[in-house]
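Reviewing the structure listed below.
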Amino acid sequence: MAKNLLIVESPAKAKTIEGYLGKDFTVKSSYGHIRDLVKSEDAIDINNNFSQRYEVPADKKQVVSELKKLAKEADIVWLASDEDREGEAISWHLFETLGLKEPDTRRIVFHEITKPAIMKAIENPRKIDYNLVNAQQARRVLDRLVGFELSPVLWKKVKPSLSAGRVQSVAVRLIVDREREVNKFKAEAAFKVVALFGKGKDAFKAELPERFSKQEDAEQFLQDCIKAIFEIKSLETKPAKRSPAAPFTTSTLQQEASRKLGYSVARTMQVAQRLYESGYITYMRTDSVNLSDTALDAAQKEIVSAYGDKYHQHRKYKTKSAGAQEAHEAIRPTYFNNHTIDGESNEKRLYELIWKRAIASQMSEAQFEKTVAKISISTRKEDLVANGEVMKFDGFLKVYLEGSDEDEDNQTADGDNAILPPLSKGQILDLQELSATERFSRPPARYTEASLVKKLEELGIGRPSTYAPTISTIQNRGYVVKEEREGRQRNFRMLTLKGGNIVKETRIENTGAERGKLFPTDIGAVVNDFLVLHFQGIVDFNFTASVEKQFDEIAQGLQDWTKMIRTFYDPFHKDVQSTIETADKATGERELGVHPESGKKMSVRIGRYGPFVQVGENPTDESEEKPLYASLRTGQSIETISLEEALELFKLPKVVGEYEGKVMKVAIGRFGPYISHNSAFVSLPKEIDPLDVTEEQAIELIEAKRKKDAEKLIKAFPEDETVKVLNGRWGPYIEFGKLNVKIPKDITDPLTLTYEQCKALADAMPKDAKKGRFGKTAAAAKPAAKKAPAKKKAVAKKK
DNA sequence: CAGTGAGCGAGCTTCCGCTTGACTT
């Protein structure tokens with residue numbers, strides 16, 4: 001039996017280290033934290049110095065009992081969790097839970113998984129740092145107090161099951177604030193002037209640095225240029241250089257994979273996890289840009305052999321984010337000589353990105369020669385400017401160029417970074433074309449998942465392990481949606497001078513289209529406004545930064561953690577109490593005006609089933625007329641909907657005719673417009689306006705749907721019409737009314753299924769909710785009487 | 001998704017960070 005038990009956080013890490021240490025060591029993993037606060041109210045005793053009640057969660061029981069057994073058999077237990085606040089706490093929880101004794105326990109730390117680093121760590125053991133543990137407890141207790149006191153306030157004042165927390169509420173606030181900036185933004189137009197000189201190979205562009213806000217001025221400028229002489233007034237050439245970016249951290253990997261590969265942050269992390277488990281890359285949850293000495297040597301060797309000596313440049317990077325704890329290396333390939341790997345295509349692509357970025361980070365800078373040519377206009381006092389750039393040495397650009405978040409329009413001006421033909425001072429130029437194009441200023445960009453992570457990191461909010469889950473949480477809670485939105489057409493004016501004539505025209509462009517951007521929902525905005533109004537301190541962008549500063553002081557032993565929490569908690573708790581007692585229910589109600597025909601008041605607000613418009617006041621007794629209601633549609637918001645748009649909502653649902661003795665109705669659901677007929681639903685094709693559907697069209701669509709459904713049918717049962725065997729997207733399945741059942745693998749031919757077999761399969765489905773990534777299946781058939789609507793909605797939102 | 005916008009008023013929801021698997025139409 002091994003004399004030593006060494007415990008790390010990750011099983012993949014354990015495997016690697018076991019290889020370095022030999023027979024005397026058993027290396028095991030704790031799989032992260034092994035204990036957490038109990039779920040109930042009494043997890044923290046407010047009146048007893050915030051003492052905590054911890055428990056081992058069910059899914060950790062097995063790990064803990066195995067570690068307990070091994071610890072008993074070992075002479076020495078080495079606690080090798082990460083060197084940061086959470087890692088120290090993991091060691092402490094292990095110490096307590098496994099019942100370790102101080103003389104037989106060693107705490108060791110390393111920042112990189114290399115043999116020398118591990119050996120050095122083993123030679124320098126220490127004891128558990130209780131200051132650091134206290135800092136973690138303060139963090140944990142504060143998050144629990146905030147989350148579990150704030151959320152119930154929302155249940156009372158907004159809607160059940162909502163949540164609030166130190167991290168998620170600020171993430172939502174960022175998105176709500178940004179959306180409002182975009183909505184109130186007024187685009188300003190100005191004419192941008194671009195000249196084209198020379199022909200063929202010698203052609204190049206020059207731009208006027210200033211823009212004209214009035215069309216007359218732009219026109220006058222072009223007019224003046226008809227007879228003007230263009231001369232090179234000055235020519236300046238300067239060397240320029242560009243340096244590579246630091247190797248990836250979690251946050252920069254998520255950003256770059258989003259820009260270059262179009263991955264969501266969750267997908268990036270899933271793929272990176274697989275690369276890590278296969279041993280291709282180092283740990284993927286890190287805030288460090290540091291590379292180990294071993295890695296630096298390996299990178300150098302690879303660069304020199306693949307590209308030559310002059311492409312290598314030794315570089316050390318320093319972290320920019322304030323809250324970085326740097327318990328790991330930067331994300332890099334384990335072996336730099338693997339330029340590519342075997343695996344699925346998304347794994348290959350992410351690996352190559354990581355390899356290129358890490359290699360480039362140790363390469364020399366790219367060198368350019370930048371030329372600025374100023375061109376005088378004989379009839380005007382302004383100069384035109386042409387920028388040229390020639391690469392003299394590619395350096396790191398040989399392998400990698402970092403992506404940019406900017407859209408093309410905001411990037412460098414026309415003619416910039418282009419290659420200029422040979423030019424000389426005093427040279428007279430031949431104008432081919434001169435254009436003045438109306439350009440509009442752009443609103444601030446909405447957040448993508450990745451740019452939100454970047455912003456959170458800048459604010460020091462959240463950790464590498466929580467960025468992806470936080471983004472999921474705010475979407476799952478329905479505060480935020482990731483969506484595509486169509487843009488709208490916009491006219492812009494363009495004046496062109498060519499061959500001595502000025503041509504004026506109006507062109508059309510598409511603007512404001514968004515893909516994969518984060519939009520706040522109405523509930524997100526209402527919850528945010530409620531928190532900003534009543535709990536300003538918690539959703540302040542600097543709240544985390546200021547508590548982090550205090551956690552640091554606790555970690556250094558300069559402050560008592562219970563005192564810190566007490567100072568925070570007492571006033572916070574008072575706010576919670578007074579908000580519960582005095583605050584009104586938050587519905588986001590807004591008056592739209594009066595109904596044009598009836599003169600009744602129209603308003604919008606959030607109800608139990610989402611945002612809706614109401615016409616007329618709430619009745620005070622039964623004799624009064626009931627108000628009319630209509631739900632808002634996807635993409636509409638109570639904040640921005642107009643009176644006209646609200647009136648449109650009452651035009652549907654609409655009866656379009658009768659078929660087979662049953663009415664056909666057109667309405668709009670969550671997935672768009674549809675026709676309902678005899679409890680069947682047919683979605684409407686995009687081309688058809690739901691307001692102009694004719695009876696004939698509706699019948700046609702219903703028949704087409706029936707035909708399509710018949711094609712899917714493999715087998716029907718005369719004894720029960722609700723049971724069918726169908727061919728679905730993922731192969732055959734059995735449909736029982738609304739319940740779908742997968743056909744087990746041992747049935748190879750679905751045609752052989754008997755009715756009895758089908759029924760047995762349906763009965764075998766668990767009666768309670770079956771939670772999977774794709775929602776609930778069995779639960780949909782037998783909804784629990786009252787909870788059903790809320791549950792169904794929550795699941796639908798997840799999709 | 002699929003016609004509501006309360007109600008008997010039970011018992012439930014919820015935080016952030018550290019880790020992987022086991023889930024499925």
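All chains are named by letter (A, B, ...) in the order of the sequence lines, taking the proteins before the strands, and each is independently numbered beginning at 1.
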Whole Å only: how far is the [atom1] atom of [X] from the [atom2] atom of [N]?
X	N	atom1	atom2	answer
D59(A)	dA22(B)	CG	C1'	12 Å
M269(A)	dT20(B)	CE	P	10 Å
F650(A)	dT4(B)	CZ	P	12 Å
K626(A)	dA6(B)	NZ	C1'	10 Å
K156(A)	dG9(B)	NZ	C1'	14 Å
Y467(A)	dT19(B)	OH	P	13 Å

If the sugar-phosphate is the primed atoms plus P, OP1 and OP2 and the base is the rest, what is the B/S/- string for nucleotides 13-18 of chain B, using protein heavy atoms under 4.0 Å? BBBBBB
Taking only residues two or more places apart in sequence or in another chain, which ones pass salt bridge (charged side-chain N to carboxylate O under 4.0 Å, His left out) with R173(A)?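 R173(A) satisfies salt bridge (charged side-chain N to carboxylate O under 4.0 Å, His left out) with D177(A) once adjacent residues are dropped.
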Heavy-atom neighbours of K654(A) NZ exceed 12 at 6.0 Å: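 Count over threshold, so yes.
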Are more than 12 heavy atoms, taken from residues, nucleotides or ligands other than Q62(A), located less than 6.0 Å from that residue's CD atom?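 No, CD of Q62(A) has 12 or fewer neighbouring heavy atoms, counting only those of other groups under 6.0 Å.
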Name all residues meeting the ring pair (Phe, Tyr, Trp, His ring centres under 6.0 Å) criterion together with H534(A); count only those two or more places apart in sequence or in a different chain, and write none if there are none.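 H534(A) satisfies ring pair (Phe, Tyr, Trp, His ring centres under 6.0 Å) with F530(A) once adjacent residues are dropped.
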For H595(A), enumerate each residue passing the ring pair (Phe, Tyr, Trp, His ring centres under 6.0 Å) test, keeping only those at least two apart in sequence or located in another chain.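 For H595(A) there are no ring pair (Phe, Tyr, Trp, His ring centres under 6.0 Å) partners, ignoring immediate neighbours.
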Taking the cut-offs as 6.0 angstrom to the six-membered ring centre and 45 degrees off its axis, would you call [X] and [Y] a cation-pi pair?
X	Y	result
R139(A)	W561(A)	no
R144(A)	F148(A)	yes
K13(A)	Y283(A)	yes

Please indicate yes or no: is the ring centre of F612(A) less than 5.5 Å from the centre of the six-membered base ring of dG5(B), with the two planes inclined by under 30 degrees?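 The ring of F612(A) is stacked on dG5(B).
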If only side-chain N and O atoms of S10(A) are considered, is one of them under 4.0 Å from the OP1 or OP2 phosphate oxygen of dT20(B)?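 For dT20(B), OP1/OP2 do have a side-chain N/O of S10(A) under 4.0 Å.
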Contact class for [X] vs. all strands (heavy atom < 4.0 Å): base, sugar-phosphate, or nothing?
X	result
Q273(A)	sugar-phosphate
S676(A)	nothing
S631(A)	base

Please, what dot-bracket string fits DNA chain B when only Watson-Crick and G-U pairs with both distances under 3.5 Å count, crossing ones use [ ] and pairs to another strand use |? .........................
Set of residues satisfying side chain to side chain donor-acceptor pair (under 3.5 Å) with respect to Y629(A), sequence neighbours excluded: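 Testing Y629(A) for side chain to side chain donor-acceptor pair (under 3.5 Å), a comparison that skips the adjacent residues, returns none.
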